[in-house]
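Worksheet for the structure shown next.
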Amino acid sequence: MFGQVLSSIRIIGLVEAPVVFADTRSAGTWYLLDGHLRLEALKELGFAKVECLVAIDDDTYTTTSGSTGWPRSRSTG
């Protein structure tokens with residue numbers, strides 16, 4: 001699966017931006033809710049920054065499969 005994502009981004013670019021949610025208790029801290037493979041592929045391709053979609057309310061976020069998003073990665077800055 002990762003190889004497919006990597007190839008897709010390499011050939012046509014990023015189609016769907018990762019989704020992040022701000023940590024209200026720690027300014028500048030963001031949690032990645034969706035797009036973990038895309039983010040890893042972008043890193044491997046040498047991207048230092050990526051535009052993201054910002055989720056307003058973490059409680060209402062769901063993926064297309066229906067599972068709720070949860071903080072797995074964080075980025076500061």
Side-chain angles (χ1 to χ4, degrees):
M1 181 66 138
F2 177 75
Q4 292 172 328
V5 172
L6 183 64
S7 293
S8 174
I9 293 172
R10 184 180 288 130
I11 294 167
I12 62 172
L14 185 65
V15 174
E16 187 177 350
V19 179
V20 296
F21 183 75
D23 183 342
T24 57
R25 297 166 296 182
S26 178
T29 299
W30 297 84
Y31 292 101
L32 181 61
L33 298 177
D34 185 45
H36 297 85
L37 287 179
R38 284 171 273 156
L39 184 61
E40 291 305 314
L42 289 164
K43 288 179 186 177
E44 189 164 316
L45 292 170
F47 284 75
K49 295 182 179 184
V50 62
E51 288 189 25
C52 296
L53 297 174
V54 177
I56 303 298
D57 187 355
D58 186 35
D59 290 338
T60 61
Y61 177 79
T62 59
T63 63
T64 54
S65 64
S67 61
T68 58
W70 54 284
R72 288 183 55 185
S73 300
R74 85 177 220 186
S75 172
T76 57

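All figures in this text were calculated on a predicted structure; none of them were measured in a lab.
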task: Write down the atom of Val54, the atom of Trp30, and the distance for their closest heavy-atom approach.
output: CG1-CZ3, 3.8 Å

message: Testing the basics here: between Leu32 and Leu39, what is the closest heavy-atom pair and its distance to 0.1 Å?
response: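 Heavy atoms only, the tightest pair is CD2-CD2, 3.5 Å.
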
- request: Indicate if Met1 and Ile12 have the same hydrophobic cluster label, given that clusters are the connected sets of ILVMFWY residues with side-chain heavy-atom separations under 4.5 angstrom.
  value: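 No, Met1 does not connect to Ile12 through the hydrophobic network.
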
- request: Under the side chain to side chain contact (heavy atoms under 4.5 Å, CB included) rule, collect the residues that match up with Ile11, sequence neighbours excluded.
  value: none

message: Keeping Ser8 on the side-chain end and Gln4 on the backbone end, is there a donor-acceptor pair under 3.5 Å?
response: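 Checked: no pair found.
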
query: Side chain of Arg38, backbone of Ala17: donor and acceptor closer than 3.5 Å?
result: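 Here the side-chain-to-backbone pair exists.
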
query: So how far is it from Cys52 SG to Leu33 CG, rounded to the nearest 0.5 Å?
result: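 Those atoms lie 10.0 Å apart.
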
- request: Enter the distance from Leu37:CG to Glu44:CD here, rounded to the nearest 0.5 Å.
  value: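 Going from the CG atom of Leu37 to the CD atom of Glu44 covers 11.5 Å.
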
Audit row: Asp34, Glu16, side chain to side chain contact (heavy atoms under 4.5 Å, CB included) steps and yes/no: CA-CA 10 Å; Asp34 185 45; Glu16 187 177 350; 4.1 Å; yes

